[in-house]
Every structure is written in structure tokens, then in C-alpha cells.
Amino acid sequence: MAAALERSFIEICGFERETLHRVREATVDLGLTSLPGGVKFPDSAGAFHYEESGKLLSVTSNRFIHWSTSGDAVQLVEQSLDTNLLNNAVKLRFTHCSVLPGGVTIQETLNNVIILISTNQSVHRMVLPHPTRMYRSELVTELHMQSIFTDVGKLSLQDPSHSAIIPSSVGQTGSPSTSTAWLSYQGEAHYALASPAGGIMVVTLPPHDTQGSVSVVELKRSSMMTRLSGWMPTAIRGDQGLADLVVSLAVRELEEDSFIFALCQDHKLRMWSFREQACLLEVDMLEYIPACKGVKRLSGQGHRLRLAFSSTTGLCVSVYLAIPQRGQFTVLQLVATDNNRYSLEHISSLFTTQETLVNFALTSTDIWGLWVDDSNSTVVKYINFEHNTAGQWNQVFVQPPPEEEVHIGVDQDPRETYLEFLFSPLRFTAAAIVKALQIYRRGSERITDLSWDALKKEVTVAVETELQSSVTEFEFSQEEYRQLQVEFWSRFYACCLQYQEALSMPLGLTVSPHTNMVCLLKKGFVSFLLPCFAVDHLYLSYDEYLFSEEETPITEDPDVGRDILQLVQCLRLVSDAVSGEMAYEMEKALEHLESPETAAELVLENMLSNDNDNVIEDIQNKLQDVRNPMAAMVALLREMDLETDSETPHGQSLNMRISLSQLYGSSSAVSVVCQAVCHMAMTRALFCRDLLILQKLYLRFGDNVFLGGGAQLLQLQQELIPRSSQLLSTYYLLKHISQSLASSVPMDIIDANLQHLTVLELSDTPALSANRSVLGPQTVVELFYQTVARKMIISQMYSQQQTNSLLLWTHMISNVVHLLAQLLWPSNPGFQFPECLMANCQYTQLQEYVRLIGPWCQVNIGSCRFMLGQCYLANGEGQKALQCFQEAATEVEKEEFLMRLTSTEEEEAASTPRLQYYNKVLRLLEDVGLPELVIQLASLAITEAVNDVSSQAALWTRIFKHHLDLGHNSEAYEALTQNPDSSMQLDCLRQLVVVLCERSQLQDLVQFPYVNLHDEVVSIIESRARGLDLLAHNYYDLLYAFHINRHNYRKAGTVMFEFGMRLGREVRTRLGLQKQANCYLAALNCLRLIRPEYAWIVQPASGAVYERPGASPKRNADGEFSSEPVKHQVDILELKDLEKEYILSRSRLTLAQHHPPSAAVAGSASAVEMVALLVQTGLFDSALSLCQTFKLNLTPVFEGLAFKCIKLQLGGDEAQNEAWSWLAANQLSSITNTKESSATDEAWRLLASYLDRYPSSNGHHHRCVINKLLSHGVPLPDWLVRSYKVVDAASLLRLYLNFDLLDAAAELVLEYMDALLGRGHQYFGIERPLSATSSSAWLPYTSIDQLLQALSETQTNSGVYNKVRDKLDDYHKLVDKTTKRRLLTR
């Protein structure tokens, strides 16, 4: 732990970040009028600290209320260092009244916080709920809590039970000059008011929860006459009014009595018993002044009185006597003697030369004083009133006002520089900037509640507008414009300075009796006093203090201690000698990463060349007093080096963690702690700068000041100067980051970042947490403290101490600041700060951080490179990111952050940490979407995985995947072939096939050589072809192309044939049938390219059920595994079989083209079924062609056509019109016909042409046609009868008989017999009529007999019957004759 001196403190201003503090206002009007010639009381301030504010597990831990009064208003603010309090500020206005000095008192009871307020005309009481009653839980875990002022609007402040008007005495003019108030044990509110006529008036309100009336008691000196001995009658004669006019009041309750201490204008301190209403004690304070001559005549208006009580010292009274040039504090102790008598025992008298005391505070051991000096600067000091032999006050280093002038470098933009100054977290409150802006804009409009960024824009616009409105010329040189900018910005800056000074006016200070926390209460804000670390104390001390120092906690060796003090005095001389310009140059050198040693050398050169005051000589003389400068420097450097090996402790109990979860977590605490780190960094950066310059000076002086000679110079040059240089760089870095504002981040970037952290498995890193401050912008250090560091620091502190220990401010805050600085220290192994910046998307700040530590920090080099890579990734600079990730890889096994990054819980962890690291980065690059970089990094990683086959396989798979995604097909194929894992190789191959198919890049796919992978490719494409939708994917075409490319025509033919078969079954559309025909045609082509003896294929399995590799075994209906499939007979298909299939498919297509609905059934129809479908549709040519190919009977075709002819003959015009479509699909014989023919005629002509074209034995086709016609009762066309007579007259006769066409039958018989007899024999296909020389002739006697029988049975046909009979007889006669002749010729 660095030495923290409690003998000096430094002021840290916890500026608020809101542009407008949200204060609710309430007015109390009791109907009073202003007093004539009213006295204006000075503004004042005070604070109340809860009794349990020092207890860790209390709701009120680190919680206090502070107030300020101004005229008729009291502003009350409740503040906590642990939680943010909501609705915590209220402003009360008392109409026509002025709040008295000491007019606000706050006390707590078990259930309430009671605020007592005294004005010059009234007294008031506010009863608020106690925090413990508002928040019942034992543990406070919320970041936000309601303040006790939340419901202040509901209070009836004008209620008579809570307000009273001060009664005016008869003839009394003026108002009370000071007051105090207290709450009695009974709950009554007492207000002690300094009466303008002398004495004290006590106004009492009854307890707030009981009825009662206001009572008034006056305590006057006349009431003591009988009680106190030693009073001379002259003491109460004459004008007693001004002598006992009270200037300061204080009260303490002791043993059921209230003692009122009154310091009067006559320099006397009187103690009154309220119970006895008598003065128990009077002390003349002039007795304690060493030389009081002339003091008695001075007015005692500036005197002050304070009380402090502790169980060890009892009640102490401190009186400040305001004597010009030699103010004095006198501390007295109240001692009780017998018989209820009291006396005051002198403890200490302390002197001060400061001019104007603003306020002071008394604790049980110390006096804290607050003054304003002649230049209106704040001065704070404190002293232990018991143990101070020299009577020397301890220093408090208050924050100086912001610089009056802003130094602007030649390379800097004035606007940017001024904005940086104005909006830095250390210099200006938002209120000062807002007020300055209102004045600058001439109060044109009220500034509403702006955000910090919006306020910055408003300021910029206001100044730039003012600048432009003042410009009259149109053209400027750049230098002139720059001068104008400086002028206007400096004017606005001066305005801000003025308001900041007004807001910084000190009104009071407060010391918590429970935690010893000291706060300065200023007009615009509260600042906190923190213990100063030893090095900072030495460097900041005023000269008179530094020269009187005799020891330092930096070392226990008195000699080294003396040398350190001498050395620091030299440093102070160096500091005074460094000009503002050189300081600026040094700062720039650090910012631009130039060597601090070189920069110090330049500053030293400048000092030597401009040494008008012989400063160098003074330093040289001083240096000769330092006996062992090396030891002193080593001690100082060791003190400033915050390097540590300690790890953050783990394993605390849940209860412990919860109870500590809010400690120092509020916005105020965050601001104070981080600003303390910033001030420490700023002080020490200057210290290191001056030390470095001094060391360079030592080198220059050499033996003149070195007693040790060369060896010490060598140590200085080789060890101490580099250490100083590095410390300077480190503290510059800390100063930079603690002033660097965090950026607000859009939600989409937060989401993307969270995704990246998840990929890296760092999502447990505290990402953007809910306790991001609601107030304006934080610095990155505040962000770090709030999200990560605070919990670590508090855990570390409480791992070494008990939770029931008191929250002592000086000890706690020093620890917190020191531990935070250690966590930020870049040379420590912890890497939480950069990690936090990454988790919160602060990429610009992280890049700057890595840039600043780059040249000199040798810790976490790899982790920093990794972080820089992350920044580049976020900014879209992938190639730079990859470079950083590669550089980080070398440190994977050395750095804690990278080891955590590479640790994995996966079972199949990579063999080496570096491979695990590469895997993480690869996943990150994939997540960001940078495949080219993934390929580059994976290729690099493969060289690492020489002996790790599984890692190599995974990396090659990754390379393959991303090449494929990028469309680098050849490279993807190359990566696939390199993969050592066969199963992964197969997966990649499958992916290659699928992706290239989807992209239609089939040329590439087919032409790859597939060495040792040919069968796998075929298997993959086949399984894809058989498993997917036929029309959506073209895997069969691909497979066909694949085989054709390799001249495997039989395989290609088989593929196309299988494709065609499946199309017929599965794709019942015209498109499917078209494809099927093309497939069969392609298959035919393939087989025709092979020698005839090899032109065959194996018919693919029917039903398209194929065993896919890896498919689960099938079960039968009973749930059992089905037995081995029965081996089916293999069918061989030759060329002629394929031709048949092709013709069948062509006929299907033709059918679908002419009658689309048929496509649904035609796909898998057999030849016979197809004939029927074609006939039905009217495609007779196709049907006949199919019948001939498959050697089928033509009867269905002729019957179908005959039926269509019948329908046409019987149908109307509509049928005629429809017929033309199918008639057109058949090839009619081209007989020229001059007469216009109908569809019916054409149909008959088509039938006739078919009968001619396709003759059949025994006129079978004619017979079926006639049979069809007759069965539908359609008369036979003459041409049909004629043509059939030639072929088979007997069959025609039988048909006539079958359908009872007796007349036609008789006529046919007659004609036939005539033909035989020689008349018209050619019409019956008879070559020669009946004669002896002709061949034998015959008659169908059975049929003729049937005819005759039928004719004989009907009366109407007797004539026909006779004709037939006669003709038959004639025929028989001729036959008889002919037979005889034949016989004779033999």
C-alpha cells in the first residue's frame, strides 16, 4: 500500500454532470410582510450525517444531507456515495423572510428525519420518513433509491403544528441575528434565537404527533442575578442591550437538560440551562488571548462557536475570536463540579494569520478551518488541537480555479482546444457553462435540460454565430481567422471562468463524526477532501511547509528521508523553471510517442539557455546537499511505481458480495474516485517530468555534484533514467484515460459487439451494464470503475478485513484510489481495463490506449494486439485486424487474458493453445463476415497443426467452405483434396456438389478430376438425384454430363433412362412428359454410340426405392426389422427396347399436347392403355403407330374412329367445330376435293383411308367398323359397303342378319348371286363369274337360309322372299349346268 499521509488532504470536486440540476421548489407563505430595514444575512451552508453512515450494512451508509441558504431560500440535497438517490433535492422559499445564520438543523429519530428551520420572522419543522423506514430490506442492492425528499410535496409546511411566527417583544425592532435549534428527548422542537435586544428567545413547538401550543421563553441576564455570585450591581445597570447581544449559538443536551452556549458581542461565553432557564456559566474569552490590549473595544461580530462531543473527551467547546491579523481558536472542555456547578477547562489555543474565516468545524480531535484570503481564494487547513507542539496547521490542497488563459499550440484548432478545456471532467461545472451560454446569447431563451453533447453543440453554435456576425469582410487569411477564433472563444471562456468562480465560492465545511469524511460546501457543488499520498504531498506542499519537514513516510531511514526532502526541493526549483511553452512541448512529445528522455533533454537545453535568474546554480547548490541521490531517487521511484503481483481474491460468500455490491457505487463516488486518480496522475506526471529533467541535469553536472562518481552516474543512466521515463509515460497515460470521455454507442453496435463476445466466449465480461450512469458522459476510467473495477477493489479490501468494521473515509478512499490506479497500471498483469473498453464498444479510446503504451509497455503485448485487432474489426479494417491477431498469437501461452480466451470446455479441444486461439479468432472473423481473412488465417494455422490430423481436417474444411462461399471453386476443390479426414472430405464433396448445382456452375463440377473420389461423387449425385424433387434440381442431367464427359456412355444412358422412368411416375405434367421423351432419346443416343454387342443397360429398379448409405433400417407393420430384400431378376434392356419406350413416351407427349388433362394419367400408362387414351382424344395416327410398334390389335383404333364418325353424323355444329382440332392432328390423304367438305366428311374419309392403309385378314377392320356403325343404328356409307363387299360379302351378310337388316341382306344376296352369274362380279372381288372353266364358286348358304327363313316369317317381305328364291333357283340351275360341263370335260 502506498504511503497515504493524513497530515495533508487534497480537494476533489465531484462535479455534477447534468446540465440542469433537478430541484423541486416549494414555497411557504405564512402571510408575513417584510421587516423594515431588513438585515441581509450572508449565504451559509451545512450538513447532517446519519448516525449509521459509517456502518457498512446500513441503508444510510455513506449518506448525508447538505444544505445551503441564500436570502429567503433553503436548498436541501440528500447525497449518498453508495447509491444514486432519486428526487433528492428540494428548495424551500419562505415568503418575506430571511433564513438566519445557523437557521437549519437536522436531527434523526428512530422513524423520522426532522428538519428545523429558523427565519427572522418564523420557525418551521419538516418531518420526513427515516430511510430505514422507507427501505425495509437488510441489504441494499439497488443502484437507485428514493430520497427522503421524494414526498416532500405532500407535506403541509404551512400547517400551524409545523410552523410558528416569532412573537415580537414590545418596542422591539430588528430581527434575530443568529439561531440554533434542537429536538428534545420528548420530541419537542426548540428554536434558540439571538434576540436583537440581547439575550436569547427560545420558541418551542410541541411534538409533531401530539396536540399542543407554541411556547416562548426568554433567557435574559436578569434571571441570573440570584444564582451567580460575583455579580456587581453595575453589571446590570445602564445599557445592557449590546453587551449580551449573541453572535453565535450552540446547544447540547446533557442529562435531561439542554445547555445553550451563547458567544456574545462582549467577548463572553455564557452557558444557559434551558430547564432552569438560568445562566450557569460565564467566561470572558479575552482571558485566553495573550495580548488583549485594545481587543475589548473591538466588535465581536466575527466570533464563532462550535461544540463537539465524544465519549472519551466529553463536551468540547471551540471559540474562534475574530481579531485582525491574529485570529485565535480556543478549545475548552466542560467540566461538571459538585452541586450542579460547571466550569470550562482550557485545552488549547491555536493561532492563525488568515484574514476572513468563512466557517470552521470541530471534531473530538481536530479543528478544520475554511478561510477566504485577500485574493478571494479558498484556504482550508486543519490541526489537531491536543497534539501539536509546533502549532503548525496541516495543509489542504484546494483545487485552483481553471487556467485564466488557454495555451493553443500552432498545430491545434482553437475551437477544439477550448471545447476540450471547457468540457473536460475537471474544470467546469455544467451550471457555469449553461449560465455563461445564456449571458453570451444575451439571455434570448432559457436553456432547457440539454445533454452534455447537446450543450457542447449549443456552445459551438453560439460562439461561431457571434464570430460570423461580427465579420464584415468576406476574405481572410487563415491566420486572421485563427486570431478571430481565439478572440471569441477566449471571451466565452472568460465568461465561464467568472461563473465557475461564483459557483466555487465556499460557504462551509462539514466533517462526518462517524466516517471522518470532510466535505467543502460551495455555492454550486460539494467537493470532498481526500488524504494525500506521500509523494503528492511532498510535491504539492507549500515552500514554508516543505522546508520545515523533518521526516517522510516514504522511507524509514532518516538520512534517505533527508535526501528525499532535499531532492524534492530541487524538483520544485526545476518545476518553477520549466516555462509553459516547454511544458506544452513535453506534453506533445508524450502524446506523439517521442522519447521522454529526448524531450527532457530539450527542456533542459531551453532552461540552460534562458537561465536569467540563476536557477540552475541554485539547483546545483541544493544538489550538493544531497548525500546519496541514488537512494533518494530509488525510494521515490519505488513509491510511485504501482506494479503489483497480487491477484484479485475470489470465493467470498454471496451475502458478503451482496452487502458490498453498492459500496462507493453512486455517481458522486464514481466521479470523486476517478477524479482523485486523475489528480494523482497529473501530479505524478509533473513529478516524473521534473525528476527526469533533474536526472539529465545530474548527468550534465557529473562529478561536480556526485560524491559517488562514475558508478552512480552509470546507475543513473542505465537504470534510473529509463525507470523515470517509463513512469512518466505511464502517468501520462493514466492522466489521458482519466480525462478521456466515453462515447455513447448505438444499439446495433452493442448487439454486434455482444455477438462477438459470445463467439469469443467472453460474454461473462461485464458488458454494457445497467449501472451506466444516467448523468452525462463518463470518462472511460469512470466507466471501468463502475462496471468492473469497483467490485474487484471492494472485494480485495474486504478480503482482508471484517464487514462490520467502520467505513473510515480516509482509510477507505485512499485504498480505493490506490487499488483503482493499480488496476489501470499497464505494467500489471491484469488486463481488465482494455477488456472493459472492448466490452463497452469504446473502440477509439481503446486504440488510443494501445497506441500510447506501445513503445514502452512490455506486459500484455499479445493481449493489446488482440484488442487492437478487435478495434480494427469494429471499424471495418479487416486486413489490419488480421495482422494484429497474427501478432498476438505468439503470446498465447504467456498472457492471462489470452490463456482465458483460449481455454475451452469442448471435449475435442485443439491440441495446442495457439490452435485454440486460431479457432477462436477464425470464429470471430466468420461472425463478422470476412471469409478472405478466415482463409488466410486458417492457412497459417495449418502450418501450426502439423501433427494434429483432426485440427488440420477442421481447418481444411473451413478453408473449403469459405472458398466455396466466395465462388472460388477450383480453390475449394483443392482444399477438399487436401483434407486428411475421409468423412470430412466426403461432407465437403457433398457440399461442393450441392452448392455448384444450386449455382448452376456445372461445367466446373463436371470437369474436376476427382482423383480417388470418382465413385463417391457418382454416389453423392445419385443419392441427391434420387432423394430430391425432379424438376427443382437437375442432378440427373449433371450425372449424365459427368458420365458423358468421361465417355462412359452406357452409364450415361442408364442415368437418362432412370430419369425418364421417374419422370413418368412422379411428374404428371406436359413438361414432365417432354422431359421423359428427351431422356429416352438421350439414352438411345448413348447406346448408339457403343458397339452393338455392348449396347444394353440394366433396367433400374421399379418404384424408385434405393438404399441410401446411412439410411435407418426399415421395419414392417409389426415393428420388426424387415428381412433381407428378395433378390429380383435383373432385366436387360437393349436398343430396340429403348426405342419402344421412346415411341411410347412420344405418344404420351403427343397426347398431353393435344389434351393437357390427360398428362396426369398418361405418365405411367402402358402401350395398350395409351392406345385407348389416344383414340379417345382423336390421335389416331399416333395410336396406329403405337399399335404397330408394340404389335397390338388395331381394332380399338377403328372402332374409336367409327364411333367419332357416328357422333359427328348425329351431332350438331358444335361437335363439327370441335372435330376439326383432332382431325388436324391426323394425316389425311391428300386427295383434292373441289367440293367443300364438312368435318363429318373428313372423318369418314380418314376412316376410309385407314381401312385402305391398314388391310386385315378377312376384312376384320371393316367388320368391326360396320359392327360399330350398325350397333348405333347408323346406315352404312356406300363406300364402306362397297369396299367390304370386295373383301368379305358373306360377313357383311351375317352382319345385316345380326342387326335384322333383311332388305339390305336380301339385296346383298341378290347382287352377290348376280355377280356369280356374271353381272358385276368385280364388285365382290370375284375374278371370274361362275363357268365350267372358272374356279369353284360358293355361297353362304347358312346365312341365306337364315335370311329366307326370316323373310318367310313376315308377311311384308314376301315379294323380297320370292325374288331371292327365284334368284337362288336361277343360280342353282346355272350351277347344275356348269357342273355337268365340267364333268364332261374331264
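Within the 3.5 Å criterion, the main-chain N or O of C532 finds no donor-acceptor partner in the side chain of S8. Between the side chain of Q726 and the backbone N or O of C857, no donor-acceptor pair lies under 3.5 Å. Q399 contributes no side-chain N or O that, together with a main-chain N or O of C13, makes up a donor-acceptor pair within less than 3.5 Å. Formation of a donor-acceptor pair under 3.5 Å by the W67 side chain with backbone atoms of F48 is not found in this model. The closest donor-acceptor contact from the side chain of Q75 to the backbone of A89 lies at 3.5 Å or more, if one exists at all. Side-chain atoms of T150 come within 3.5 Å of backbone atoms of S147 as a donor-acceptor pair (strictly under, hydrogens ignored). Looking at T552, its side chain never comes within 3.5 Å of a backbone N or O of G561 through a donor-acceptor pair. Side-chain N or O atoms of N112 include one that pairs as donor or acceptor with a backbone N or O of L128 at under 3.5 Å.
In this structure, the ring-ring contact (aromatic ring centres under 6.0 Å, His included) partners of F64, at least two apart in sequence or on a different chain, are H49, H66. Remark: S311 pairs with no residue by the side-chain hydrogen bond (donor to acceptor under 3.5 Å, both in side chains) rule, at least two apart or across chains. Under the ring-ring contact (aromatic ring centres under 6.0 Å, His included) criterion, H514 pairs with no residue at all, not counting sequence neighbours. Residues passing the ring-ring contact (aromatic ring centres under 6.0 Å, His included) test with W368 are F9, Y382, sequence neighbours excluded. Remark: N828 pairs with no residue by the side-chain hydrogen bond (donor to acceptor under 3.5 Å, both in side chains) rule, at least two apart or across chains. Legend: residues meeting side-chain hydrogen bond (donor to acceptor under 3.5 Å, both in side chains) with W393, ordered by chain and number and at least two apart, are absent. Residues forming a salt bridge (charged side-chain N to carboxylate O under 4.0 Å, His left out) with R63 (at least two apart in sequence, or on another chain): E78. Applying the salt bridge (charged side-chain N to carboxylate O under 4.0 Å, His left out) rule to E52 yields the partners K55; only residues at least two apart in sequence or on another chain are considered. With sequence neighbours left out, the ring-ring contact (aromatic ring centres under 6.0 Å, His included) criterion links Y664 to no other residue. Remark: S53 engages no residue in a side-chain hydrogen bond (donor to acceptor under 3.5 Å, both in side chains) (not counting sequence neighbours). Under the rule for a side-chain contact (heavy atoms from CB on, under 4.5 Å), the partners of L307 that lie at least two apart in sequence or sit in another chain are A250, R252, F261, L315, V317. By the salt bridge (charged side-chain N to carboxylate O under 4.0 Å, His left out) test, R306 is found to be paired with no residue, residues two or more places apart in sequence or in another chain being considered.
In summary, the side chains of T683 and D536 do not present any donor paired with an acceptor at a separation below 3.5 Å, with no hydrogens or angles considered. Side-chain atoms of N87 and Q146 include a donor-acceptor pair closer than 3.5 Å. Q822 and H818 form a side-chain donor-acceptor contact under 3.5 Å, judged by distance and modelled atom types alone. In this structure, a donor-acceptor pair under 3.5 Å is absent between the side chains of S740 and Q845. A donor-acceptor contact closer than 3.5 angstrom links the side chains of S667 and N84. Side chain to side chain, Q739 and T779 fail the donor-acceptor criterion of an N or O pair below 3.5 Å. Checked by atom type, the side-chain pair T313/Q333 shows no donor-acceptor distance below 3.5 Å.
Using a 4.5 Å heavy-atom threshold, the side chains of M517 and L807 count as separate. At a threshold of 4.5 Å between non-hydrogen side-chain atoms, the residues V780 and N840 do not count as touching. For the pair I148/I65, a side-chain contact is recorded, criterion being any heavy-atom separation below 4.5 Å from C-beta on. Put simply, the side chain of L85 reaches to within 4.5 Å of the side chain of S80, judged on heavy atoms. The shortest distance between side-chain heavy atoms of D641 and T730 does not fall below 4.5 Å. Put simply, the side chain of F149 does not reach to within 4.5 Å of the side chain of V113, judged on heavy atoms. With a 4.5 Å cut-off on side-chain heavy atoms, M680 and I10 do not count as touching. Counting only heavy atoms from C-beta outward, the side chains of L663 and N62 approach each other to under 4.5 Å.
Results of the side-chain contact (heavy atoms from CB on, under 4.5 Å) test with L727 over R689, M640, R684 single out M640 as the only residue that passes.
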- [ ] Could you go through the side chain to side chain contact (heavy atoms under 4.5 Å, CB included) check for M145 and M134 one step at a time?
- [x] CA-CA 10 Å; M145 281 175 66; M134 294 174 70; over 6 Å; no
Task: Verdict with supporting geometry, V380 and V518, side chain to side chain contact (heavy atoms under 4.5 Å, CB included) - done: CA-CA 11 Å; V380 182; V518 189; over 6 Å; no
Open item on the list: Between F428 and L503, is the side chain to side chain contact (heavy atoms under 4.5 Å, CB included) condition met? List the steps.
Closed with: CA-CA 10 Å; F428 291 92; L503 291 171; over 6 Å; no
TODO: Evaluate the criterion side chain to side chain contact (heavy atoms under 4.5 Å, CB included) for residue pair V672 and L530; output intermediate values, then yes/no.
DONE: CA-CA 9 Å; V672 167; L530 277 63; 3.9 Å; yes
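Ring centers of Y849 and F833: under 6.0 Å apart, within the cut-off. Between F329 and F360, the ring center distance clears the sub-6.0 Å criterion.
Counting all heavy atoms, side chain and backbone alike, L540 lies closest to F397 at O-CE2, 3.3 Å.
Heavy-atom neighbours of E643 CD from other residues, nucleotides or ligands within 6.0 Å: above the threshold of 12.
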